[in-house]
Each structure stands twice: as C-alpha cells, then as structure tokens.
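Numbers restart at 1 for each chain; the letters A, B, ... are given by sequence-line order, proteins then strands.
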Amino acid sequence: MFKAPQPGMRLRPTAIILVALGMAGAAAAFLVSCSTTPTAVMVPLEIPGAHYVGNQACLDCHAQIVREFPASPHARVHFENAARVGETGCESCHGPGSKHIETGGNAKFIINPGSDPTACFQCHLDVQAEFNLPQHHPVIEGHMSCVQCHDPHGGDVFKPKGGLAMARQNESCAQCHREQTRPFVFEHEALREGCTVCHNPHGSINRKMLVESDPNLCLRCHAQVQQAGSTEIFIGNVDHKGFLQMGTCWTAGCHTAIHGSNVDPLLRY
Amino acid sequence: MREIKKQSDGCTTVNRCSRLTFYVSLVVSASCISLSAAETNSVPLPPPATTHVVFDRDIRPILETSCLRCHGGAKPKSHFRLDDRAAALDGGDDSTEDIVSGHSDRSDLIRYVAGLDKDIHMPPRNSGPPLTPGQISLLRAWIDQGVNWQTTNQPTQLAFTFAPTLRWIEVQGDKAKFRELQGVNDGFSGGAEEFSFIQQTSPTEKFSLSGHVIAPDRDYRLKLAVDEADQGFIHAGFEEWRKYYDDRGGYDPDVVPPELSLNRDLYVDNGRVWVDLGLTLPRWPQIVLGYEYDFKKGTESMLDWGEAGGVNIAPSTKAVDEQTHILKLDITHDFNDWHLEDNARVEFYTENNRGDENNVFYQVSPTPNSGTTHTSDNYHHVQGMNTLMLEKQLRDWWFLSGGLYYSRLEGSDFFSQTNSPNFEGNDPSSWNSDRITLRRQSEIFSLASIFLPLEYLSLSVGTQNEWTRDEGFGGSIPDFEFATNNSASGDYDEFQAAQNADLRFTKIPFTVLFAEGRFEEQSISESEQEGSGQLLDKTDATSDRYNLRAGFNTSPWTWFEWNAQYQRQYSDTDYNHLLDVFMSPFGDPGFVAPSNGYPAFILNRKIQGDGVATKLTLRPAIWLSTTLSYQYTATDYSSKTDPNGYNGVGGPILDGRDNEQTWGLSAMLTPFQRFYFSGAFTYSHSRVVTADNGVPSVVPYRGDIYTFISTAAYALNAKTGLQASYSFSYAGYGQNNAGAGVPLGLDFTRHVLFVGLTRQLTKNLSGALHYEFSQYSEPSSAHLNDFTAHGVFATLVYRWP
C-alpha cells in the first residue's frame, strides 16, 4: 500500500500528501468501526486516483438534484468562479468525481455523506463537537445518518429529502419518535414550535438531549404572573416555588407526560 | 445547470460565464456551426472496414473510451446502453434503430458518430473528441458483420470481504454509566466488523449481500440487494442496535442514594426490517412497493416522584414496546421534462409502554418507596399519507416545483394506572379509561420556483399553506383532581401560511452574497373540556413569525476562504381566551372557578433572537489547512399575562434570556512524508437566565464546554501503519444550590485515547490491533458516576480479489 522511500529518492509533494491522506482515510475507517467510542475524525475527501471534474459532469446523470440545488442553503458556498476550483459545488461534499464517471457511476468511487458524516463535519465543526458529547443521536456510530433528518440538496435542510417544499413541523423527528409526536387529548403547545425548542438533536451534556437540565428550560416560556414584592413564582394561579425545589418540572414527578396527555390537562400522567 | 443549450450543431454547453465570455461564445458558436456544416458537407461517411472485426480488440476500446461514460452503468443516458448486446440492439429513447444489425447504413449510431445528424452528435463535443474515420469504419463493419459481442459471456465478477473481530473491555467504576455513554457492553464481544459478497453476473445484473454483526451488544446490520438494470430490483435489510441507560435515571447519585439504584442492566433495542421491490422498466414510471417494520423494545431509566434522601425525586423505569408496520408505494416518472414523484404510506403503530415508579401517596416510614405505581398506555393508530410532487424546467431560467400532502390518522388509547397499595395503604387501586379516540388530519399545498434571470443571480421563492386538525375525546377518562372518571376532549385547528425567498448574487469576483427570508402567519383555534365544567377552555391564537438571514462567502485566493452571516428570528403570538374555566385543587386558596387559571393566562408571547456566524479557512501551504469559526446567538423570551386569581398584577415580563458563543479551531496537516494529523477544538459558553423572583432553587443555567478531537496516522513502511486518536471533552455546568433545592447542573471530564497498528499480511489479508483507554470523571456527583476503561480490539480483514 505504501512504498518505502529509496535512498536519494524524493517523492513529489502531491504523492506524499496522497499517501498520507489515504493512510488517514484508512485510519479513520478503523477508528470509527473498531472503537467503542465515537471518534469520527476530519479526513479530507480523497478518492485514490480520482480528480475534480466540475459540476457540469454531474448534471449528465443527476439533473434533478442539480436543478433543485440553487434553492439549497448549501448553494451559498457554491460558485463556479471560486479560486478553489473543484472544491466548490458537488465535489466539495462528494469528493473528486472522475473515477465515478469513468466507471459509469460506480458508487465505490464517490463519497456518500449519506452514510458517512465526515464530509458534513468538514464545515460543521460545531455539530461534530455536539455529536461527541455524552448524549447524542448515534450518527458517528453509524446507526443514523445526517440525511435522515436533513436534505442537503433541496430548499430546506430541516427536513428529509424531497424537493423544494418547506419542512413540516417536527417532520424529521416524527419518523422515529411516534410516541412523542402523536396526537393527544391535551397537548403541550411547545410541540407546535418544534422539538428543538427543548432538545438539541445533535447532542448535549444532558439526558434526553435537552438543551438545559433545570427549570429554566420551562420558565423561558411558562410566564410568571407578576406580583409586587413577591418572592414566589406564580404560574397561573399556582405558586411553584416549593415544587421547583424538588427538581425540574418533569423529573420531580409532576409534569411527566411532557409531550402530551390523554387524561390530564396539566400533563402529569 | 444555469443554461443547458442544445445547439443546432448538436453541442451541449453549460455557461455561467461573464457577459464578455458570452459574446465570445457567440462568435465561437457561430464558427462552430460553420465548421460543423462544412465538415458535414465535406467529409463523407467512411466506408465499413474490410477486415474481420474482433470485438475485444477493435470495438470494446472505442466504446470504453467514448461511449460507456454515459451509456453504461446503472442509469444510461436516454436508456441506451452499450455494455450489453441485447440492450444495445433494443435502442434508446430517441430511436429503436440505433443499431440495426447487418445495416450500418441504417443505424442511427453511425449517423451520430459521423456527425450526419443535425441535432445529435456523439460523443457530445464537450464530452470528448469525435471518433476518427478509422474508428467509424470499424463500427460500421462491426454492425454489418452482425454486432459480434464476444464478451457477452464474460466471466462473472466477484468481490468478497470478511472481517472477523474480537474485543475485550475492562471497566472499573460505574459500569452502567460506561454502557450508557460508550454504547457498548464491557467484557468479551465479537463478530464480523464487516462482511460483503458482491457478484456482478452481467453488465446489467448485480447481487450484493453486506453487513455487520457484533454480539452480545446486538449491533446488527444486514443488507441484500439484487439489481437488474432496466428491469427492477429487490432491496432488503435488517438492522438493530442497543441503547443503554444507567440505573439511576441519570440523576445525581449524591442526592439519590445508592440503595435506590435500580440495579438492573437497562437498555432499549431499536431496529427495523425492510424490503423494497422496484420496477425500473425503461420509459415506464419507476414503481417501488415496500414494507418496513420498526421496533423499540426494552426498559429505560427515568426519574419520578419518590422519597429519596429528603427530596421527592427517585429513579424509576419505563418499559418500552413500540411496533410499527409500514406499507409504502413510491412512483417516480420523468416525461417531457416533467418530474413526477408520488409517495404513499400506510402506517400501523402500536405502543404498549408502561411507567413503573414509586407510589408517591404511600411514603410511610420506615419503608419509603415500598409502594409502586404502574401507568400504562395501550395505544394504536393507523395513518395514511400521500405526498405528490411535480417539477418542471419551464425555461432555462425557470424551474417550477409543486407539491400536495395529505395525511389522516385514526387512533385509540386505553390508559390505566395501578397504585399499590392505595392512598390509604390498603389494597391496590386502579384507574382505567374507556376507549380514547384520537384523530389528526393534515393538508399541505406548496409551490416553489427557482429563477435564474441573470448569470450571476438566482432567486428561489416559495409558498406553503398547511391546515391541521387534531381531535381527541373519551367518555370515561380518569380525573385525578376529583377522583372520578369524566368525559374529556381536546380540539385543535391550525392554519399556517408560509412564504420564503432566497437570493444569491455572484457578480463580485470570487464571492457569493446571499439573503433569505421566511415568513409565517399562523392561526390556531383550540378548545379543551373535562367533566361537566371542571375544565372549559377555548383560545384563539394568531402568530406572525419571520426568520431572516444574510451573508457572504468569498475565496479570492486558493489559500483563503471566508464566510459570515447574520440571522434574526422573531415570533409574536396573541392569545384571545374566549372561555376559561378550570377547577383545580392545586390553586390557592382551593378550588377556583371560574378562573384565569392555566394555561389561559398568557395574553401575548414574543421571541426574538439574533445571531452571527463567521468562518475563516486558510491554506498557507499545501500541507496545512486551518479553519477558525465563531458563532454568537442571543434570544429574548417575553410575555404578557393576566393577573392571577388573588394577588397578582400581571402585565409584561421578560421571561428569559439565552446567549451562547461557540469558538472552533481546526487544522489538518501533513508536515512530512507518511504523516497525517487533523484536530478540531471547540469551546462554547452558554447562559440561560429566567425570571426567578429571587427564588434560590432557580439559578442561571450557565457553563462552558470544551471539546478536542484529533487523529494522526503514520506509515512505518509499505505494509505497516500506525494510527492514534485522542478526544477530550469537559463541561462545567455545576450548580451550587443544594441548600435550596436539588443540584441540577453537571460537571464532567472525559478522555478517550486510541492507538492502533494495521499491517498488510498478504495480498488479500490485513490485520489490525488497537487499544483504547477511556476515562470519565463527574465531580458534580461526588465521582460516583466515574469510570475508567481499557479495551483491546483485534480485527482481520480478508478482501478478494
């Protein structure tokens, strides 16, 4: 796989880099597959023996995607006349495409971010960090992929793939979390504003991937009724000061049916 | 995609060039047309070669060099394939006489390659050089001699991979926490890290079986695919993975004493099985009929109310049993530049989940937590949904897309709760509902266009209208305040109109400017009822929301790229409470009826957020790339309320304020031969403050998170490589409020070190040996959740050929 340098032999920088990058790719594959811990790493999108061919070549077979792509937020970083030719557009995420085309579209010779988040992490550093927090969706473990929830080519990245339509509320989450997104007799209005009001779907330090682990999460929206000189927290007609000493609004055993209830308008069961 | 012009000479070009280039192109195109015409007129059709044609020697190189790029593989252009004799003789979309065996003079293929057709020229001029007269002569002779194709019966192509693996992990400390965070069990495990069997039986037929099996962690993945190009496919698979939970419900073990630990291995298995049958006949719609079965089964740890060390919070469990059967039918068709896609689904979902917790009403000393409460939902629904999408490139500069979505859900639920013993400490008491009916219906219509009026300008606009109605009701539902069963219902109607616009401008050299906006107007009508007047609530709400974003991306030099953007989000909702009666014993004093109770006391709510983000990428040398990023967001939540029933004044209040900053730095370098390193460091600081009236149990949620992720690789020689990775994360969100409540923050430090050796043992066999060290430390829980783990992994990989 790697050729040892001979005395007096000088490898060209390109060759050196290709060797090192290939090695890094192999290392990353092992790190992700064998490790107990998700350790997805930044690996450049190299395909041995392939070179950049430009977006025009992709159009021949992927016309539908190319037609929709100008509406995608990813098109913001796509421009034909960039100095970094070949690294904007399709190949910036899918890697150099020459061998893919030469082999009639062989999937072995193109990078598919749908099965490996490495391409996405090149730009989304903050998301990569979130996926390395203790509580996260199992994307870097390979049980989920970015494109299950995001459409990288269409008009709205906050939904699974499917044209230029906008995302329906909680559409991505409802694919798996039916218990939480099904209808209830008594609903929690927060779900109308979206699951991400309370959860960070990439990862969090808190259980259930909550954005916060204490009552501040609820108090942001559940307004207090103002009282002059009071040291109580009235939410509606109920003073919650004592309840808030017991824990969070949901873990203290009170509003445990936090996504909705069929029996209790206060979402306690 | 900007402009696709099939020129009169058959050239296909895509231009995103400047105006000057455009005029130059016109001149060149005119010349091209003239030359083409001249060539067509002056160069006669080459005669067939007089020699006996040998396919592998004479024809196959021509096809591979000039044709198969487009007319081979899984999706040949115009459904015309030249990698199979029978398919080639069938012809493509444009002609069934592309190749007429024995008659090269009647074969369209020859006309195209010889430039005799005024519309179609093969290969297209921008896709490769034209065939030489000699090559055309050979093709003519090949057709005249019967389209001999010796490689039709070429040997089957086979690829095989098998990677058995063994691992051993030793954990000291909290093993349940280790399982939850690392996602694997300790001790021995093994299986196949990867296996695959791929057989290409012909250019159009392929069989593949691949997967991954690790036991006893139940980490399985199996995929089967049988593909016959231009006929159909069978794709099937099975996957399952296990999510582990700690045995304290994730709560602070310093507060929840060890004797209340659940002392169980808790996990939920998640999985799915699917099979798709596809029909992919040329010129027919692609039809896929599929079935999918999703499941979740196991037990997870939770927290619930229960006496624990002087506070009312204790670990509990939730038994999860969810099953979903999905039937699906997908139809995709391209015709006359239209693209049609219809996805129909019928979903049968069953949920039999049960919460098991301490009986909060039976906390009798000296045996607190001896009573139990079981709360069950036996829920089932059938949901049918259909999405229809239609798209067309109307003009070179105008792409139109429209969609319809319809969904209807019919469900039922049976709720039950058993308290053992009952409130008085006697025999168990049960609360059971009769059938609870739940319905949801949604209709969505969307229309969107992409306009490319100028070569440097793109505009995407869209509108989407949604209507949703939810209703739920039951004749006999437990009412816990009044210790009886009552009727209850909830109705909810929502209409939402949304519009979006996205503008992209690229006239400034090496730069993209963009701006986008999304606007939503929402109207909601909601009513809830319980019993004969215990709850009567009717509220109308109207919301206006927008989300604006603008920024740029520039890359004037190959070593430099910089982007930045600003974003504003705004939401303003007015509530009109038409009816508001809520009798509850939890109000003070006692029952309040009628009331401005809960939730009908918020009159207005506003959310306003601002954010900036920027990223700078520098590549000062070919061996070094660095990225620096920064994000800042700030969001204010404010409300206006009614006064409460007895001593409140109501009015506006700033409920909460979020702000968060995130810094990122990454580097990728290859400073010398055979060595590669990449690393990414991220630091974030966030702070959430809500109005707390000085209540000491509610403190700001604030802290810092640091993460560092790195990997390095070094090639010792041609056969041996070394790899290492290290990741570190730290969170400091501890809260020192134990005196006033329970500490809800979290401090932890986590290290993971991974070193490995890979070696190519033979041409087909390689091996890998890895060691991993991980350490987790949680000072905020008095280190009771800490663990240290060592793992050794050995993997062999056999690949053939």
Specify which of [options] makes the most heavy-atom pairs with chain B at under 4.5 Å.
options: L244(A), L164(A), V211(A); value: L164(A)
options: N216(A), I205(A), D126(A), L219(A); value: N216(A)
options: R192(A), K241(A), K208(A); value: R192(A)
options: E232(A), Q169(A), R168(A); value: R168(A)
options: G155(A), P215(A), C123(A); value: C123(A)

Is it the case that [X] and [Y] place a side-chain donor and acceptor less than 3.5 Å from each other?
X: T795(B); Y: T165(B); result: yes
X: N132(A); Y: T707(B); result: no
X: N206(A); Y: Q135(A); result: no
X: T758(B); Y: Q723(B); result: yes

Check whether [X] gets within reach of chain B through its side chain, its backbone, both or neither, counting any heavy atom under 4.5 Å.
X: A257(A); result: neither
X: L133(A); result: both
X: T231(A); result: both
X: Q64(A); result: side chain
X: E187(A); result: both

Hey, which of [options] has the most heavy atom pairs under 4.5 Å with chain A?
options: S433(B), S458(B), G472(B); answer: G472(B)
options: S697(B), S446(B), S629(B); answer: S697(B)
options: G664(B), A691(B), G551(B); answer: A691(B)
options: T682(B), V688(B), D502(B); answer: V688(B)
options: E391(B), M389(B), E322(B); answer: E391(B)
options: E494(B), Q417(B), R439(B), H381(B); answer: Q417(B)

D655(B)/Q224(A) under side-chain hydrogen bond (donor to acceptor under 3.5 Å, both in side chains): CA gap, chis, key distance, verdict: CA-CA 7 Å; D655(B) 296 307; Q224(A) 300 174 43; over 6 Å; no
Where does [X] contact chain A at under 4.5 Å (heavy atoms): side chain, backbone, both or neither?
X: E341(B); answer: neither
X: E194(B); answer: neither
X: A498(B); answer: both
X: V698(B); answer: side chain
X: Y701(B); answer: both
X: N500(B); answer: both
X: S489(B); answer: backbone
X: Q464(B); answer: both
X: S460(B); answer: side chain

- prompt: According to the salt bridge (Lys or Arg N to Asp or Glu O under 4.0 Å) rule, which pairs have a member within residues 214-230 of chain A, sequence neighbours left out?
  reply: E212(A)-R220(A), R220(A)-D658(B)
- prompt: Taking T387(B) for the side chain and Y405(B) for the main chain, is one N or O donor matched with an acceptor at less than 3.5 Å?
  reply: no
query: Within 45 degrees of the axis of the six-membered ring of Y349(B) and under 6.0 Å from its centre: does R182(A) put its NZ or CZ there?
result: no
field: Closest contact, heavy atoms only, A223(A) versus I653(B)
entry: CB-CG2, 4.4 Å
query: Are the side chains of E772(B) and Q182(B) in touch, meaning some heavy atoms are under 4.5 Å apart?
result: yes
field: Positive for side-chain contact (heavy atoms from CB on, under 4.5 Å) with P478(B), one of V263(A), D264(A), N262(A)
entry: V263(A)
query: Does R605(B) pair with E193(A) as a salt bridge, N-O distance under 4.0 Å?
result: yes
Candidate pair E141(A) and H136(A), rule side-chain hydrogen bond (donor to acceptor under 3.5 Å, both in side chains), full reasoning: CA-CA 10 Å; E141(A) 289 85 350; H136(A) 58 268; 2.7 Å; yes
field: Set of residues satisfying salt bridge (charged side-chain N to carboxylate O under 4.0 Å, His left out) with respect to E466(B), sequence neighbours excluded
entry: none
- prompt: Would you say the ring centroid of F234(A) lies under 6.0 angstrom from that of H240(A)?
  reply: no
